[in-house]
Amino acid sequence: MNELHSTLLPIFLEEAGDNLKGILGYFQSFKTDRDGDRRELEQAWRCAHTLKGAAGLVRLPRIRELAETLENGLEALLDSQGRPPRARVESLFAALKEMAAQIKAVRAGAAGVPALSPEAAPGLAAREAPEIVAPAAPLSGEVGAPALPAATGEGEASSLQAAPENVCCRFRAGHQEYFLDMKDMAEIAGLPRLVPLPLAPSYILGLISLRGAALPVVDLASLSAPLGRTRPAGHLVVGQAGNERIGFFADDLPSLSPETAGVRVDLKQFVQRFAIKASG
């Protein structure tokens with residue numbers, strides 16, 4: 001867990017600051033648009049979705065829960081017509097404030113996670129998460145406008161950077177590097193005890209029990225490498241698309257990355273092509 005923490009958490013925190021800004025931009029858009037800017041709403045939804053997946057990977061359940069609340073709430077606003085209900089917007093903004101506080105606590109080591117040193121995350125100081133602060137009263141002259149955040153620390157809304165949308169999980173199997181899109185990621189874990197399947201193809205290493213669910217584990221390298229390759233201790237990359245979940249064997253520690261590299265694993269196509277029934 002310490003190795004996972006030291007490798008993945010700095011990347012999570014770097015991206016979290018950008019994604020918080022992307023969500024904050026929607027709430028700030030009420031300053032000039034009493035209904036909120038729809039483009040900012042779409043961006044906020046994408047950022048919440050990315051934060052949810054990334055928080056799950058680095059085992060931060062409360063942040064993942066808050067990101068999921070924001071994702072679902074923002075998606076409901078996208079599907080609705082007309083002015084968003086003030087109470088709904090204020091409720092989502094409260095979730096954003098709590099999530100920002102949780103991320104700040106993780107950064108400082110106050111949430112049961114060891115604090116990161118500057119050496120562990122050299123670029124972090126320049127990408128601090130924005131402080132989420134609401135004014136004491138709603139904007140004057142705007143009937144029904146929610147209490148809105150004021151930009152602090154890193155400039156006004158017009159200067160906020162859009163959060164990256166191509167964060168992925170990269171891992172190696174054999175001599176090939178692979179990546180899974182964040183939308184298909186469930187978690188990264190150590191490899192539990194495998195239950196062999198004697199009649200299964202060679203690329204299926206066996207089944208594992210992960211929190212009560214049986215998952216097949218696939219070694220992608222065995223699709224092209226000779227039988228019986230030597231495998232290191234390895235890690236497990238769990239992908240999920242809808243109700244389908246499957247584990248992929250990784251030779252070394254996977255990483256979160258804002259850039260793709262290697263072969264993209266399309267989870268749905270993989271399950272269909274190789275007739276693997278993943279567990280929900």
Side-chain angles (χ1 to χ4, degrees), residues 1-16 19 46-72 99 102-103 106 111-114 116 164 166-173 177-195 204-220 231-258 260 262 264-268 270-271 276-280:
M1 179 60 191
N2 288 336
E3 187 182 9
L4 283 170
H5 167 268
S6 62
T7 302
L8 300 181
L9 192 60
I11 301 173
F12 167 77
L13 290 173
E14 286 191 33
E15 301 304 330
N19 283 300
R46 288 194 295 269
C47 292
H49 178 77
T50 299
L51 265 173
K52 181 187 76 172
L57 290 179
V58 293
R59 306 290 182 85
L60 297 173
R62 181 55 182 162
I63 294 175
R64 188 189 187 284
E65 179 184 344
L66 290 165
E68 186 172 21
T69 296
L70 279 161
E71 178 191 26
N72 293 339
M99 185 165 63
Q102 289 279 333
I103 290 171
V106 170
V113 177
L116 293 172
N166 61 335
V167 179
C168 64
C169 176
R170 287 165 51 172
F171 64 98
R172 185 173 58 83
E177 189 168 6
Y178 299 89
F179 72 92
L180 270 173
D181 294 332
M182 185 61 71
K183 66 180 177 61
D184 290 335
M185 281 302 304
E187 63 180 278
I188 295 171
L191 188 64
R193 186 177 69 87
L194 281 162
V195 177
I204 298 182
L205 300 183
L207 293 176
I208 62 165
S209 177
L210 191 64
R211 285 182 291 281
L215 269 67
V217 175
V218 170
D219 181 16
L220 292 170
R231 298 185 187 89
H235 290 79
L236 185 69
V237 175
V238 181
Q240 179 167 348
N243 293 324
E244 299 293 326
R245 302 186 81 203
I246 189 169
F248 293 97
F249 180 85
D251 284 20
D252 47 21
L253 188 67
S255 64
L256 299 181
S257 174
T260 60
R264 177 176 179 265
V265 179
D266 187 312
L267 188 58
K268 287 184 177 179
F270 186 88
V271 171
I276 296 173
K277 178 58 180 176
S279 175

Under 4.0 Å between a Lys/Arg side-chain N and an Asp/Glu carboxylate O for D266 and K268?
-> no
If you measure from NE2 on H49 to NZ on K52, what distance do you get to the nearest 0.5 Å?
-> 6.0 Å
Do you know which two heavy atoms are closest between D219 and A173, and how far apart they sit?
-> OD1-CB, 4.1 Å
Going by heavy atoms in the side chains, are D184 and F270 under 4.5 Å from each other?
-> no
Can you name the nearest heavy-atom pair linking R245 to P216, along with the distance?
-> O-CD, 4.2 Å
Of the non-hydrogen atoms in P254 and V237, which two are nearest, and what is the gap between them?
-> CG-CG2, 3.5 Å
Measuring from L51:CG to I103:CD1, what's the distance to the nearest 0.5 Å?
-> 5.5 Å
Check the pair Q102, L60 against side chain to side chain contact (heavy atoms under 4.5 Å, CB included), reporting the backbone distance first and the verdict last.
-> CA-CA 9 Å; Q102 289 279 333; L60 297 173; over 6 Å; no
In Å and rounded to the nearest 0.5 Å, what is the CD1 to CZ distance from I208 to R193?
-> 11.0 Å
Kindly indicate whether the side chain of D251, heavy atoms from C-beta on, has any atom under 4.5 Å from the side chain of F171.
-> no
What one should report as the nearest heavy-atom pair of L236 and G247 is CD1-CA, 3.8 Å
Does a side-chain heavy-atom distance below 4.5 Å link Y178 with F248?
-> no
CD (E177) and CZ (R172) are apart, to the nearest 0.5 Å, by 9.0 Å
How many angstroms lie between CD1 in I246 and CG in L215, if you round to the nearest 0.5 Å?
-> 8.0 Å
Could you check F12 against I63 for side chain to side chain contact (heavy atoms under 4.5 Å, CB included), going step by step and ending with a plain yes or no?
-> CA-CA 11 Å; F12 167 77; I63 294 175; 4.2 Å; yes
Which heavy atom in C169 sits nearest to a heavy atom in M185, and how many Å separate them?
-> CB-SD, 3.5 Å
